[in-house]
Protein chains: 2
Amino acid sequence: MVKRTNDGDDTDRPPESGAGPATGSAWGLPPDREPGPETGRAPERPADAVTRRAAGVNLLALRSHNAALVLDLLRTAGPEGVSRLELAERAGLTPQAVSKITARLREEGLATDAGRRASTGGKPRTVLRLIPEAGHAVGVHLDRDELRVVLVDLDGRVVGERRAPLSLGAGAEAVLDALLGEVTEVLSDALGSGALSAPLGVGVALPGPLDHTRGVLHRVTGFPEWDGFPLRDVLAARLGVPVVVDKDTNAAALGLAVGGERGSFACLYLGTGLGAGLVIGDVVHRGARTGAGEFGHQVIQLDGPLCSCGNRGCVEALCLAAMGRGDVAEAARVLGEGAANLAGLLDIDAVLLGGRTIMAAPEPFVRGVAVVLDAHARREGSREGAVPVRLAPGGARAVAEGAAQLLLGPVFGRRDG
Amino acid sequence: MVKRTNDGDDTDRPPESGAGPATGSAWGLPPDREPGPETGRAPERPADAVTRRAAGVNLLALRSHNAALVLDLLRTAGPEGVSRLELAERAGLTPQAVSKITARLREEGLATDAGRRASTGGKPRTVLRLIPEAGHAVGVHLDRDELRVVLVDLDGRVVGERRAPLSLGAGAEAVLDALLGEVTEVLSDALGSGALSAPLGVGVALPGPLDHTRGVLHRVTGFPEWDGFPLRDVLAARLGVPVVVDKDTNAAALGLAVGGERGSFACLYLGTGLGAGLVIGDVVHRGARTGAGEFGHQVIQLDGPLCSCGNRGCVEALCLAAMGRGDVAEAARVLGEGAANLAGLLDIDAVLLGGRTIMAAPEPFVRGVAVVLDAHARREGSREGAVPVRLAPGGARAVAEGAAQLLLGPVFGRRDG
DNA sequence: TGCACTTTGGCAACAGCGTTGCGAAAGTGG
DNA sequence: CCACTTTCGCAACGCTGTTGCCAAAGTGCA
């Protein structure tokens with residue numbers, strides 16, 4: 001039902017990566033071709049992809065942009081729905097344009113009526129809502145010791161889930177087999193239980209570093225054997241649907257951005273390591289090399305204790321050392337100083353905390369970080385007050401859900417950054 | 001000749017701030033009304049302006065977007081010009097669409113023929129170029145001890161300039177009078193020497209903090225009497241043209257972004273203080289409160305020496321202390337550590353150095369910062385190598401030129417961030 | 001109960017965008 | 001001089017959002 005939004009440049013777009021021949025349901029098919037580690041897309045200079053994209057806007061691009069925007073407004077409104085006039089006001093379009101767009105969305109099965117509003121003296125407004133079942137995506141969280149697969153609908157609701165223990169160091173074949181198996185299971189469960197259209201694709205989130213634009217892993221921390229592995233293309237070839245790969249922190253941040261966190265914010269995740277997902281102006285910021293978010297190896301103590309990365313005085317080293325001593329307050333303070341540096345540099349609207357270590361003792365961390373940010377704001381005389389600190393919502397499934405949003409986001413017009 | 005790009009929402013847009021009745025050339029007119037500190041625009045909640053702007057795209061918006069894009073490509077091509085087919089390829093539009101757009105630009109006096117290319121076996125391509133004289137903007141750099149005003153054409157070339165000593169602490173009236181005087185002088189010089197269309201407006205860059213969206217100053221460092229002064233609206237009322245206000249570091253960064261520096265980069269300015277201008281994806285990042293770029297008060301030495309801001313161990317304090325001891329190498333090293341934190345956090349493409357202190361001894365700073373970034377990159381095993389460090393080009397006029405780009409940028413489709 | 005009024009939202013005509021088909025213009029090369 | 005290539009404008013077209021208009025569906029007062 002849902003097609004990926006057409007950007008109007010379908011004339012010379014490279015073919016969908018590994019989409020291969022659509023032999024019925026391609027799920028669970030044996031690999032019809034095994035791309036070697038070097039068989040990726042045509043090598044494109046990353047600089048080109050960033051510095052000057054063809055920014056000319058087509059009528060087709062305009063159409064899909066506005067349709068995606070209206071769809072996003074419908075999604076944001078939730079099950080209560082929105083009226084056409086409200087959509088028009090929020091989108092900055094005329095009511096008649098919205099009428100045409102919503103008529104198309106209804107024809108495509110993406111939207112439907114949802115009752116009417118109370119009259120204000122005239123004809124009551126007809127309320128529209130998204131049909132969440134019109135599209136699905138798979139989100140995979142490939143963690144160091146666990147694999148989690150979720151199936152979510154257009155609304156972002158989880159409609160299927162599986163977990164399995166897994167070691168990232170068990171070798172590519174073992175990990176891929178486990179991943180493909182769990183994904184297939186989740187999908188066949190959903191297919192058995194009800195009507196399910198073909199999924200839009202699979203998003204995979206895992207610890208970095210990696211190249212998001214090409215979907216190639218670099219040396220995953222602690223598992224150098226993955227270096228250079230073209231995960232996206234291998235998975236796309238085996239699954240027969242589009243695959244997107246991203247860092248776990250970015251996926252989590254994307255999930256929050258889609259889930260209602262507006263503006264610019266940073267999610268700090270403290271677990272085996274310390275990383276950050278950055279959202280700037282509602283867009284996940286990855287950087288040209290998918291290297292953004294290196295929060296943990298920010299130096300906040302010149303010539304401080306040696307960190308595993310080779311530098312001295314990194315936030316991560318100080319924070320984990322404090323945790324090793326059982327000094328949560330100091331760990332939170334150190335984290336707060338790093339967060340204050342980040343907040344000052346980017347003028348973000350919120351700091352969100354997550355990760356296993358923080359979830360084990362949320363309150364002292366949130367308070368400790370807030371205290372540092374408050375102190376900085378007061379000393380610098382900020383008129384807006386300190387950046388608010390909150391716990392990142394979503395729990396243990398957040399990364400997998402965010403991974404699914406790597407596919408759902410474009411449907412609602414979200415750009416990558 | 002040049003009208004500001006129409007975004008298609010001119011139905012309910014607030015009137016151009018202080019544009020007033022156009023009584024001939026409004027320059028140098030006595031103030032016909034003096035807006036008090038509270039007579040600004042209708043107060044708009046900053047959250048709204050950031051979190052959800054009406055993103056629906058109009059046919060009018062599409063038209064002006066594509067026209068601005070083509071104009072930008074013409075500007076980038078320089079005096080040699082570009083052919084229609086090249087424009088079409090770069091813009092992602094069909095040649096025929098480009099023909100129509102360039103025909104309009106030629107009618108409006110913004111573009112013209114510039115010879116032809118050598119034939120490749122058929123009709124030779126006609127080359128088009130921008131007409132730089134079709135539009136101008138004024139850039140003002142309001143520094144602590146000096147005032148600099150430049151007049152630039154569409155190409156960004158400086159066609160008029162004036163300097164005057166000035167103390168920001170001399171009081172609002174004195175500073176405003178000096179500013180208005182110099183601006184009027186620059187314009188009348190240009191009017192006398194040749195044909196000059198009415199300028200697009202005036203961009204003013206000064207040390208922060210301030211509110212870029214409203215054009216209101218906060219407590220300019222060291223000059224608390226400016227707190228809350230609505231500089232944009234006051235100047236707009238007196239000059240009768242649009243005015244945009246921004247931090248000096250942001251203006252400088254914008255100037256570099258327009259001047260050819262692509263992608264994402266940071267400009268670090270070391271003078272009486274230490275600040276940064278951030279460009280992320282070709283867009284200046286200011287943050288919702290125009291607070292981004294607080295590079296100098298990044299803490300890199302927990303419990304270090306006290307800084308003027310009240311915190312301890314700020315880069316600025318350490319850097320300036322080292323300079324006070326004459327230890328340029330240590331200052332560069334400290335600066336480099338801060339730059340490494342920034343580069344890791346944002347995955348930027350380049351670090352540019354500027355400011356009076358650095359220009360006094362450029363080579364040791366560039367080398368010292370590069371050494372630190374190299375060391376970090378090597379230790380972390382970056383496959384792309386270290387972030388390149390360069391001197392920010394442009395010299396002493398860079399900030400004023402960038403201020404003028406605050407007005408020119410929108411003509412070429414540059415969004416604010 | 002009936003009528004005036006308000007508000008919503010679809011139908012139809014329209015202006016204007018980029019696209020396509022086609023041909024004139026302006027070169028090269030034999 | 002002619003065949004060929006390439007550029008680029010004119011004209012028709014499809015599709016976008018916009019405007020004008022009117023039916024539909026309520027409220028509220030007589």
Side-chain angles (χ1 to χ4, degrees), chain A residues 5-12 54-70 81-107 111-128, chain B residues 5-12 54-70 81-107 111-128:
Chain A
T5 51
N6 191 335
D7 292 324
D9 58 344
D10 45 358
T11 49
D12 53 354
V57 177
N58 223 338
L59 279 172
L60 226 79
L62 177 141
R63 170 198 171 119
S64 53
H65 173 92
N66 285 347
L69 172 65
V70 170
V82 216
S83 78
R84 288 174 179 76
L85 288 172
E86 289 161 355
L87 286 173
E89 192 187 4
R90 293 184 201 176
L93 297 171
T94 60
Q96 191 57 251
V98 171
S99 270
K100 285 190 179 180
I101 292 168
T102 53
R104 281 201 299 267
L105 294 177
R106 288 171 57 172
E107 272 182 25
T112 188
D113 286 355
R116 359 191 93 186
R117 286 275 163 74
S119 167
T120 61
K123 177 175 177 177
R125 301 182 172 181
T126 313
V127 169
L128 301 170
Chain B
T5 52
N6 190 334
D7 292 324
D9 57 344
D10 46 358
T11 50
D12 52 354
V57 177
N58 224 334
L59 279 172
L60 229 80
L62 177 141
R63 171 196 169 120
S64 54
H65 171 92
N66 285 347
L69 173 65
V70 169
V82 215
S83 78
R84 287 172 178 79
L85 288 171
E86 288 161 357
L87 287 172
E89 193 186 3
R90 294 185 200 176
L93 297 171
T94 60
Q96 190 60 7
V98 170
S99 270
K100 285 191 179 180
I101 292 169
T102 53
R104 280 200 299 268
L105 293 177
R106 289 172 56 171
E107 271 182 26
T112 188
D113 286 356
R116 1 191 92 188
R117 286 275 163 77
S119 166
T120 62
K123 178 175 176 177
R125 301 183 173 181
T126 313
V127 169
L128 301 170

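Sequence lines set the chain letters: A, B, ... in the order given, protein chains first and strands last, and positions in each chain run from 1.
Within 3.5 Å, a donor on the side chain of A/Gln96 pairs with an acceptor on the base of C/dG10, or the reverse.
Listed nucleotides C/dT19, D/dC8, D/dT16 differ in distance to B/Lys100; the shortest reach to its side chain belongs to C/dT19. Nearest nucleotide to the B/Thr94 side chain, out of C/dT8, D/dT18, C/dT19: C/dT19. For A/Ser99, the side-chain atoms get nearest to C/dG10 when compared with the rest of D/dT18, D/dC15, C/dG10. Picking from D/dC15, C/dT8, C/dT19 the nucleotide with the shortest atom distance to the side chain of A/Arg125 gives C/dT8.
Separating the CG atom of B/Leu87 from the C1' atom of D/dC8 is a distance of 13 Å, rounded to the nearest angstrom. Atom-to-atom, CD of B/Glu86 to C1' of D/dT7 comes out at 12 Å; the value is rounded to the nearest Å. Residue A/Arg117 contributes atom CZ, which lies 16 Å from atom C1' of C/dG9 at whole-angstrom precision. Counting to the nearest Å, the P atom of D/dG14 and the CG atom of B/Leu62 are 20 Å from each other. Computed from coordinates, the B/Asp113 CG to D/dC8 C1' distance equals 12 Å when rounded to whole Å. Atom CG of A/Leu60 and atom C1' of C/dT19 are 11 Å apart (whole Å). Atom pair A/Arg63:CZ and C/dG16:P shows a separation of 22 Å (rounding to whole Å applied). In this structure, CG of A/Leu69 is placed 15 Å from C1' of D/dT16, rounded to the nearest angstrom.
Across all strands, A/Leu59 comes closer than 4.0 Å to base atoms (heavy-atom distances). Using a 4.0 Å heavy-atom cutoff across all strands shown, B/Thr126 reaches sugar-phosphate atoms only and no base atom. Residue A/Ile101 is in sugar-phosphate contact alone, with no base atom involved, counting any heavy-atom pair closer than 4.0 Å across all strands shown.
At C/dG18, one or more side-chain N or O atoms of B/Asn66 fall inside 4.0 Å of OP1 or OP2 (strictly under the cut-off).
Of the residues near DNA chain C, A/Thr102 and B/Ala67, the one whose nearest nucleotide (by heavy atom distance) lies more toward the 5' end is A/Thr102.
B/Leu69 approaches A/Ala55 most closely through the heavy-atom pair CD2-C, 3.6 Å. In plain terms, the two heavy atoms of B/Pro124 and B/Ala118 that are nearest each other are CB-C, 4.5 Å.
The distance from atom CZ of B/Arg84 to atom OG of B/Ser99, rounded to the nearest 0.5 Å, is 5.0 Å.
B/Arg116 meets the side chain to side chain donor-acceptor pair (under 3.5 Å) test with no other residue; sequence neighbours excluded.
Contact annotation: the side chain of B/Leu87 never approaches that of B/Leu93 to less than 4.5 Å [non-hydrogen atoms, C-beta and beyond]. A heavy-atom distance below 4.5 Å is not found between the side chains of B/Leu128 and B/Thr112. Side-chain contact between A/Arg125 and A/Thr120: absent, with no pair of heavy atoms (C-beta onward) separated by less than 4.5 Å.
Listed for the B/Asn66 side chain is a donor-acceptor partner under 3.5 Å among the backbone atoms of A/Val57.
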Q) What does nucleotides 24-30 of chain D look like as a protein-contact string, B for base, S for sugar-phosphate only, - for none, at under 4.0 angstrom between heavy atoms? A) BBBS---
